[in-house]
Amino acid sequence: MEPIVEFKNITMEFPGVRANDDVSLSIRKGEIFALVGENGAGKSTLMNVLYGILTPTKGEMFIKGQKINEFSPKNAISLGVGMVHQHFMLVPSFTVAQNIVLSREPQKHGVLYDLEAANKAVADLSEEYGLEVTPTDVVGQLSVGLQQRVEILKTLYRGAEVLILDEPTAVLTPQETDELFAVLRRVVREKDMTVIIITHKLYEVMAISDRVGVMRQGKLIGIEETKNVNERILASMMVGREVLQDPVEKKDLAGEVKISVKDLRVPDNRGLPAVKGLSLEVLAGEILGIAAIEGNGQSELLEAITGMRPYSGLITIAGQDIRGMSPGEIRQLGLSHVPEDRLATGVSRESDISDNLLMGKHKNPEFTRFGFHQNRKSIREYTQQIFEKFDIRAAGVDTKVGSLSGGNMQKVVIAREFSFDSQVYIIAQPTRGVDIGAIEFIHNRILEKKEEGAAILLCSADLDEVLRLSDRVITIYEGRVTGEFDKDHLEKTEIGYYMTGSREEVSQ
């Protein structure tokens, strides 16, 4: 097959960092190419060069045989390149159709915005590619999975021949992932498109790609036909050592109740019921996993427990009724929170790593003088220690968090929250967008907290992660608990049925 994209000796340098180091790569027309590597390996940087966001320090790039002299998204789009970023670039207050046709709006009489035509064009596009959306829905009120569909449709509306997907399944359930892969196979087969997937999930690489390129520390380590490798080989190439996800021994450490939720009812952003009379308990020394398809009330449940959303019913943390408490007051009871959306509620992108790691401890006596002057020496010593312990890949603690890869942003959140000696951990999507080496590290930290006696409520779109870590699992569908399973009955297919509402409520 002829190459549609060629990189020749691409080097991309930032102050103190060489993100891409002499990378040469050809991607063929009509193939699905997976690009894998640890956080900070240079994958997203290389694709940002392809999409014109970055101009390489050295090297040449060709699209459809044409040498690129002007690096800009506008030029890339005109040449048929589309990119869906890991952190979506949508206007929350716009409808689905308004986002998709933005800058290319159909017009009536050559002047007026033709809303009806826009809605029809999006409905037709949605049907053609099997990516179901409602054109009139407001994007800010959609689940993350549906927002991703909007991003993909936006690139297809602009006539993309090369579709770049940065961590496309990080926000999807197994069912949604299967649907996405079916769509990708169809567009490659029927439209002769080229799809480039940046991912950390090696089993997905094996399931979807024709070829795979492995990057490590800015260099392209190798390119393989997917049929000639396996997950173990790819993991070793990525990390430079054997990486094994060993089964977790489920020890019975459960003690007293630390999280209690009774008859909880929580509205969504539209005021409609999202959680409908839900009850659960989490014990000290236990991990309770939530298995649910995106948009079934699990987000609202966790936001209610952490004080971020109003509710009716009873929630107690370490025996304390939290009604009327602010998120800060609830944290003082001994609660740490890893939120599902790190950009919205997990980090301050404009602040440096040091300030982000200090949040929640910034008023501690060892870090302040007289209650308002910062003790920068002690702050730097503390944050540098956490920075190194959690292997955050950046030039230093003075680096702005907004410049980090998604996986390293997640490490900042994990590092900050796990540095508290908390009784209760509310953890949502702990390894979203994180590489295989970091997943191993984060999972071990979660298990350490459990063994220290913490009560952990874990919610992840990665069902394998929920099953691996949890002592018990509950399934939630449309705001209600549909099933409960103990550590001896964690069977993936069966739990999947309860996630889709196909079973009556049961306790295993």
Side-chain angles (χ1 to χ4, degrees), residues 1-8 10 19-47 50 86 162-170 172 174 177-178 180-189 193-247 393 405-407 431-441 443 462-465 468 492:
M1 287 184 284
E2 63 185 276
I4 192 167
V5 173
E6 289 184 272
F7 300 96
K8 292 187 177 181
I10 293 291
N20 292 146
D21 189 355
D22 196 32
V23 175
S24 294
L25 168 65
S26 292
I27 297 172
R28 303 164 184 164
K29 183 175 177 62
E31 75 170 338
I32 299 178
F33 186 90
L35 194 61
V36 302
E38 289 192 279
N39 295 321
K43 311 179 300 296
S44 295
T45 300
L46 189 65
M47 290 302 102
L50 174 56
Q86 185 177 346
V162 178
L163 178 60
I164 307 164
L165 301 171
D166 191 354
E167 297 292 347
T169 65
L172 303 183
T177 297
D178 290 342
L180 174 64
F181 284 0
V183 169
L184 296 180
R185 291 188 189 100
R186 189 166 65 250
V187 297
V188 168
R189 183 178 65 248
M193 284 179 60
T194 299
V195 176
I196 305 171
I197 297 179
I198 306 171
T199 184
H200 293 115
K201 298 181 180 180
L202 298 184
Y203 64 90
E204 293 179 355
V205 172
M206 302 305 299
I208 190 66
S209 66
D210 300 303
R211 291 192 303 148
V212 54
V214 181
M215 296 190 71
R216 187 167 76 236
Q217 296 179 351
K219 293 180 179 291
L220 185 65
I221 299 301
I223 303 169
E224 302 286 349
E225 297 283 338
T226 306
K227 63 185 178 183
N228 296 332
V229 294
N230 57 36
E231 291 181 38
R232 185 182 294 270
I233 291 171
L234 292 176
S236 297
M237 291 173 69
M238 283 170 57
V239 182
R241 60 178 172 83
E242 283 287 315
V243 181
L244 300 174
Q245 285 281 309
D246 295 323
R393 306 283 177 88
S405 67
T431 59
R432 177 172 281 173
V434 171
D435 63 65
I436 189 167
I439 288 171
E440 178 186 44
F441 181 87
H443 282 185
D462 186 341
L463 185 54
D464 290 316
E465 179 170 67
R468 180 170 189 265
K492 187 173 181 179

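Residue numbers start at 1 and run along the sequence shown. Bear in mind the structure is a predicted one, so any value in this text is a computation, not a measurement.
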To check you understand the geometry: which heavy-atom pair defines the closest contact between [X] and [Y], and what is its length?
| X | Y | answer |
| --- | --- | --- |
| Arg185 | Ala207 | NH2-O, 3.1 Å |
| Leu50 | Ile164 | CD2-CD1, 3.6 Å |
| Val188 | Gly30 | CG1-O, 3.3 Å |

Gap separating the [atom1] atom of [X] from the [atom2] atom of [Y], nearest 0.5 angstrom:
| X | Y | atom1 | atom2 | value |
| --- | --- | --- | --- | --- |
| Lys227 | Ser209 | NZ | OG | 12.0 Å |
| Ile233 | Met237 | CD1 | CE | 8.5 Å |
| Thr45 | Met215 | OG1 | CE | 8.0 Å |
| Ile208 | Asp210 | CD1 | CG | 8.5 Å |
| Thr431 | Glu440 | OG1 | CD | 12.5 Å |

Verify, without hydrogens or angle tests, whether [X] (side chain) and [Y] (backbone) share a donor-acceptor contact under 3.5 angstrom.
| X | Y | value |
| --- | --- | --- |
| Asp21 | Lys219 | no |
| Lys43 | Leu35 | no |
| Glu31 | Arg28 | yes |
| Thr226 | Met206 | no |
| Thr199 | Glu167 | no |

Answer yes or no: is there a side-chain heavy-atom contact under 4.5 Å between [X] and [Y]?
| X | Y | result |
| --- | --- | --- |
| Ile197 | Glu204 | no |
| Ile198 | Leu46 | no |
| Thr194 | Val5 | no |
| Leu25 | Phe33 | yes |
| Glu224 | Val214 | no |
| Tyr203 | Asp464 | yes |

May I ask you to check whether over 12 heavy atoms, not counting those of Glu231, lie within 6.0 Å of atom CD?
yes

Between Val205 and Val229, does the side chain to side chain contact (heavy atoms under 4.5 Å, CB included) criterion hold? Intermediate values first, please.
CA-CA 10 Å; Val205 172; Val229 294; over 6 Å; no

Polar contact flag, side-chain donor to acceptor under 3.5 angstrom, Asp166-Ser44
yes

